[in-house]
Undergrad: 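Here it is: the structure, laid out below.
Every chain is numbered from 1, with letters handed out A, B, ... down the list of sequences. Scope of the values below: all heavy atoms of this structure, side chains included, with no hydrogens, waters or symmetry mates.
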Amino acid sequence: MADELYLLTLHAAARGLRSGTFSSVELTRSLLDRIESVDGRVGAYLTVTADLALEQAADADTRRASGRDGPLLGLPIALKDVLSTAGVQTTCASRILEGFIPPYDATAVTRLKNAGAVTLGKTNMDEFAMGSSNEHSGYKPARNPWNLDKVPGGSSGGSAAAVAADECLAALGSDTGGSVRQPAALCGCVGLKPTYGRISRFGLIAFASSLDQIGVLTKDVTDAALLLGVLAGHDPRDSTSADEPVPEYGGELNGDIGGLRIGVAPEYFGEGLDPQVGDSVRAAIDDLRGLGATEREISLPHTEYALPTYYVIAPSEASANLARYNGVKYGLSDPQATDVDEMMARIRGRGFGSEVKRRIMIGTFALSSGYYDAYYVRAQKVRTLIKSDFETAFQDVDVIAAPVVPSPAFDLGAKLDDPVAMYQSDIMTLPASLAGLPCMSIPCGFVDGLPVGLQLIAPPFAESRLLQAARAYERARGNLPAPLKAIDAA
Amino acid sequence: MTTASATAYRVVIGLETHVQLRTQSKMFCGCAADYANARPNTHVCPVCLGMPGVLPVINREAVDHTIRTGLALNCEIPEYAKFDRKNYAYPDLMKWYQISQYDLPLCINGHFDVEVDGATTRVGITRVHLEEDTARLTHVTAADGAPASLIDVNRSGSPLMEIVSEPDIRTPAEAMAYGEKLRALLRWIGVSTANMEDGALRIDANISVWPQGEPIGDVKVEVKNMNSFRALGRALAFEIERQTGRRERGEAIEQETRGWDETSGATRSQRTKEYAHDYRYFPEPDLPPLHVTRQRVDALRAALPRMPDQVAADLIQQSAPEADVAELVQDRPLTDYTLAVIEAGASAGEAVTWIVHEFRRALNAQPNRGAAIPIPPAEIASLLTLRAKGSVSSTMAGEVLDEMFATGKAAEDIVQARGPQISGQDELLAIARLVIQENPQAVQDYRDGKGRALQFLMGQVMRITRGKANPKAVSELIRSELESA
């Protein structure tokens with residue numbers, strides 16, 4: 001058993017630690033060994049903080065020995081490199097932040113630490129969270145543990161791959177347009193993006209501020225509830241964080257969804273959806289009906305505008321958020337430059353990847369005098385329409401069920417030269433992001449040996465309902481007949 | 001200097017005034033806002049340094065100060081305001097965007113009355129909004145002789161309020177009067193030190209000149225860099241002359257930004273229209289719109305002091321001299337003090353004049369002067385009563401005041417200890433005769449009808465009696481001696 005501790009879920013490991021079956025140091029060592037043996041092939045981590053993790057684990061063991069406990073005491077977790085970590089290099093997978101060691105912890109990181117978590121390191125991602133395949137990392141691509149020729153999805157590709165390859169018990173990610181749900185679906189783990197404002201963004205390095213939300217990637221729904229309970233809550237340092245009560249997410253997971261009204265929108269099952277993915281999602285909805293839920297058809301008529309709307313708003317905000325990376329205060333510097341303009345041009349030319357440059361240019365253009373009304377203002381209006389589609393739908397249904405991705409994980413390089421094709425992998429996750437709604441991806445089957453996911457979307461702050469439905473489905477589904485992960489094949 | 005052309009041309013001036021607010025902490029973080037005399041880069045944190053991942057939190061006190069200012073400038077306070085990002089790249093800006101307010105500022109549609117030579121002009125206030133200040137750049141020569149720029153981030157993120165006037169100002173004198181009165185008002189309501197020399201008050205001007213009878217167009221020149229009201233007046237006068245000259249020569253006036261150069265006494269072009277910034281404003285996604293409740297506005301309005309104009313009108317009504325009143329209401333603590341002295345029984349006219357001149361001189365001469373005035377107003381009222389009765393001369397009143405500051409004793413006690421006034425006719429007469437004898441020129445002046453000569457002779461008597469003579473009695477004695485001689 002001891003050498004397979006890395007396979008555990010958070011809640012199973014917590015049980016083991018509480019009963020004294022193993023220590024946090026043993027658990028942490030098991031994960032560090034696992035990282036050591038597989039991450040060369042997966043590329044899930046940018047930074048592994050082994051010494052820090054073992055120190056935190058020893059401290060957790062000491063605390064437990066003295067009778068203390070915490071919801072995550074001694075549990076090893078990975079952090080997407082978009083989260084600011086005091087004393088630990090934080091790059092957003094961008095060369096421009098190479099060597100940057102922040103002086104402060106993100107609120108989410110502080111909350112994890114206060115709950116007793118052990119932090120294993122920083123996971124790979126698409127640079128500044130811009131991308132859907134993790135191929136836009138400024139350092140190295142991450143790979144899909146089920147098939148190493150396939151992408152893990154993005155932008156939280158490293159976090160999803162780390163969970164799927166059992167290189168952590170759970171990981172934090174961030175979701176701006178699908179960056180938690182899409183890689184979760186492609187890697188076969190659970191991904192939860194809560195309501196915008198549910199988890200503080202303080203210390204989450206901004207891509208698109210009005211869309212960014214921290215999410216969790218876990219091995220099951222119970223773990224997602226456990227992590228959400230630790231992370232959720234108002235933060236006085238984030239004015240957009242919600243001052244809403246935080247329920248006992250884990251305590252409510254009894255699997256009872258009798259009478260739950262599930263909305264299904266044809267807009268999510270149209271052209272472009274791989275029929276096998278569609279079948280898998282429909283089968284999952286049938287399972288939910290089998291548990292006493294009812295199904296209703298709903299309409300989300302503005303769904304088709306989500307993609308262009310997102311690709312105006314997110315780059316616009318990004319163009320301002322990324323302006324501060326000029327080589328003066330942190331990250332790359334260029335002592336050879338003779339003036340500020342030259343320094344900036346050289347630092348940015350070298351430090352930003354092509355996708356980041358593309359989005360900065362799109363955003364700068366969209367906000368420019370003469371174009372602002374036609375692009376940014378109009379996009380905000382459409383965003384309101386998309387939001388009101390959901391509001392209307394939620395008058396009749398409790399949750400909405402949909403696919404997460406139109407097709408399973410694709411080959412590395414397949415969409416790298418076609419940005420629009422790449423953008424289209426987010427087509428089913430963008431609307432809920434634009435509406436700020438809580439949503440999840442739960443593994444619901446395999447297509448061509450690769451995992452696909454069921455997406456559930458709920459009204460604002462109805463994470464409990466979302467988790468309840470997801471947990472009910474997970475129990476009914478049982479263990480999927482999964483193929484052997486490539487990473488575990490001999 | 002422009003009198004000839006001023007009749008043929010119409011001058012249009014609008015002012016943009018930046019005011020550093022006096023708050024405990026900075027605009028969007030917890031750093032102390034009072035960084036004066038602090039070592040560079042010691043009042044900083046991840047937020048005002050613009051570190052990756054940080055978020056702003058609105059400073060409530062700064063919003064209150066802005067609303068107070070808006071109310072004092074007769075503005076409307078809309079129920080919703082919002083912050084926006086103003087994007088521009090400059091090394092003094094940590095995030096390379098400034099959080100400011102674009103289309104929904106905190107205060108709109110106000111007005112401010114300005115007096116020049118007895119005539120009042122009403123200047124419209126377009127808006128008052130809130131933003132964050134930038135870091136400070138100092139350009140130096142490094143040890144190796146190369147030019148270098150030093151950044152002090154202490155100022156970065158300090159709350160900065162901008163007051164934008166309508167283009168209702170017509171002369172440099174009006175602009176200066178606007179600035180001076182605005183400075184007094186800001187100090188009066190306690191929102192800023194408003195010291196121009198520290199940069200707590202910075203005024204930029206938009207100015208254009210148009211032929212009389214022709215419509216006023218869009219083109220204007222922005223003038224920056226005026227570090228005093230005098231500089232503001234000079235820069236505007238220079239621009240009027242420059243623009244008038246161009247008009248007369250039939251040359252076009254270009255939309256541009258010009259900087260005032262104090263040394264050469266001229267403005268110089270800094271940036272023309274084709275290089276104008278596109279700030280790419282958009283709503284700040286990190287800050288939800290600000291809901292300004294009516295209760296909040298009402299509470300701030302109720303807590304505002306009476307405005308200087310109202311207080312001044314009252315004092316003038318009570319026959320205080322206008323010039324002294326105008327001087328007094330530049331200084332809120334001194335005005336409050338004066339009102340308390342009047343309340344304690346002094347006449348308004350005497351109190352105002354004496355406090356503006358005598359009292360303020362003595363107060364400013366105090367070493368280690370704190371913010372509070374150490375003498376209870378009732379004591380000053382009783383000193384002024386003694387003076388009014390003639391039991392204390394003006395000279396002696398000044399000395400008594402100095403002693404009050406020095407010892408903290410009551411006015412009456414000091415006067416008593418100094419002994420009674422000399423009002424014995426014989427003693428005074430002897431002194432008066434001596435003075436007349438020794439000052440033949442003054443006597444001649446008096447006979448020639450120069451009123452000041454009497455003052456001079458009285459002063460001599462006071463000097464000899466060390467202020468203990470009753471001034472009324474002295475005046476009568478000297479006069480009768482001179483008339484009878």
Side-chain angles (χ1 to χ4, degrees), chain A residues 82-84 90-92 94 97 100 102-107 128 197 200-206 208-212 235-241 313 316-317 319-326 328-331 338-341 343-344 363-372 376-377 380, chain B residues 28-30 41 44-60 63 82-100 102-103 135 137 139 146-151 153 156 276-291:
Chain A
V82 73
L83 292 159
S84 182
T90 300
T91 66
C92 290
S94 181
L97 277 175
F100 172 54
Y104 77 101
D105 273 333
T107 298
F128 284 108
S200 168
R201 290 188 295 118
F202 189 81
L204 168 66
I205 298 176
S209 314
S210 74
L211 294 154
D212 294 343
D235 177 7
R237 290 185 299 179
D238 176 2
S239 306
T240 63
S241 78
I313 292 173
S316 293
E317 293 179 7
S319 72
N321 284 329
L322 271 61
R324 72 191 65 188
Y325 304 110
N326 52 28
V328 176
K329 299 186 294 293
Y330 31 72
T338 53
D339 64 41
V340 172
D341 291 338
M343 179 180 78
M344 184 184 74
T364 305
F365 175 80
L367 291 176
S368 296
S369 150
Y371 298 99
Y372 178 76
Y376 187 82
V377 171
Q380 289 292 6
Chain B
F28 297 116
C29 65
N41 301 314
V44 297
C45 73
V47 175
C48 56
L49 278 165
M51 288 283 193
V54 297
L55 297 171
V57 176
I58 297 171
N59 181 333
R60 224 189 131 77
V63 173
K82 74 174 167 72
F83 287 91
D84 301 273
R85 289 190 186 174
K86 178 180 181 178
N87 294 286
Y88 68 94
Y90 202 69
D92 65 2
L93 193 59
M94 293 298 105
K95 304 184 293 293
W96 284 35
Y97 63 80
Q98 179 190 35
I99 305 178
S100 181
Y102 184 54
D103 55 349
L137 289 182
H139 304 288
S149 299
L150 305 177
I151 304 183
V153 185
S156 166
H277 285 304
D278 177 359
Y279 290 119
R280 304 191 309 277
Y281 278 102
F282 73 102
E284 169 56 270
D286 288 332
L287 295 170
L290 200 59
H291 182 206

Undergrad: Heavy atoms, side chains only, cut-off 4.5 Å: are M51(B) and F100(A) in contact?
TA: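 They are in side-chain contact.
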Undergrad: Side chain, backbone, both or neither: which part of A320(A) has a heavy atom under 4.5 Å from chain B?
TA: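 Both backbone and side chain.
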Undergrad: At a 4.5 Å cut-off on heavy atoms, which part of S316(A) comes close to chain B: side chain, backbone, both, or neither?
TA: backbone
Undergrad: Counting only non-hydrogen atoms closer than 4.5 Å, does D278(B) touch chain A with its backbone (N, CA, C, O), its side chain (CB onward), both, or neither?
TA: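 Side chain only.
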Undergrad: Highest number of heavy-atom pairs under 4.5 Å with chain B: which of T240(A), V82(A), N326(A)?
TA: N326(A)
Undergrad: For E284(B), check salt bridge (charged side-chain N to carboxylate O under 4.0 Å, His left out) against everything at least two apart and list the hits.
TA: R85(B)
Undergrad: Do R201(A) and D235(A) meet the salt-bridge criterion of a basic N to acidic O distance under 4.0 Å?
TA: no
Undergrad: Parallel, tilted or perpendicular for Y88(B) and Y279(B), by the 30°/60° rule?
TA: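 Rings of Y88(B) and Y279(B): perpendicular, over 60°.
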Undergrad: Taking every non-hydrogen pair under 4.5 Å, which of V57(B), N87(B), L49(B) racks up the most with chain A?
TA: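 Most pairs with chain A among the choices: V57(B).
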Undergrad: Is F28(B) in contact with chain A via its backbone, its side chain, both, or neither, using a 4.5 Å heavy-atom distance?
TA: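 Contact with chain A is absent: no heavy atom of F28(B) under 4.5 Å.
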Undergrad: What residue in L97(A), D238(A), T90(A), I205(A) has the most heavy-atom pairs under 4.5 Å with chain B?
TA: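 The residue among L97(A), D238(A), T90(A), I205(A) with the greatest pair count is I205(A).
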Undergrad: Checking D84(B) side chain against Y102(B) main chain: does a donor-acceptor pair fall under 3.5 Å?
TA: yes
Undergrad: For P46(B), which atoms come within 4.5 Å of any heavy atom of chain A: side chain, backbone, both, or neither?
TA: side chain
Undergrad: Partners of K329(A) by salt bridge (charged side-chain N to carboxylate O under 4.0 Å, His left out), sequence neighbours excluded?
TA: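 Residues passing salt bridge (charged side-chain N to carboxylate O under 4.0 Å, His left out) with K329(A): none at all.
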Undergrad: Answer with side chain, backbone, both or neither: which region of N321(A) has an atom nearer than 4.5 Å to a non-hydrogen atom of chain B?
TA: both
Undergrad: Checking heavy atoms, do the side chain of Y104(A), its backbone, both or neither come under 4.5 Å from chain B?
TA: side chain
Undergrad: At a heavy-atom separation under 4.5 Å, does P56(B) approach chain A through its side chain, its backbone, both, or neither?
TA: backbone
Undergrad: Which atoms of P102(A) are under 4.5 Å from chain B, going by heavy atoms: the side chain, the backbone, both sets, or neither?
TA: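 For P102(A), neither part sits under 4.5 Å from chain B.
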Undergrad: Can you confirm whether or not the ring centre of Y372(A) sits under 6.0 Å from the ring centre of F282(B)?
TA: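 No, the ring centres sit 6.0 Å or more apart.
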Undergrad: Find out whether L150(B) and L137(B) are in side-chain contact, i.e. whether some heavy atom of one side chain is under 4.5 Å from a heavy atom of the other.
TA: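 The answer is no, as the side chains (C-beta and beyond) never meet within the 4.5 Å cut-off.
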Undergrad: Do you know the tightest heavy-atom contact between G50(B) and K95(B)?
TA: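 Here G50(B) and K95(B) meet closest at CA-CG, 3.9 Å.
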Undergrad: So for Y325(A), is it side chain, backbone, both, or neither that comes closer than 4.5 Å to the heavy atoms of chain B?
TA: side chain
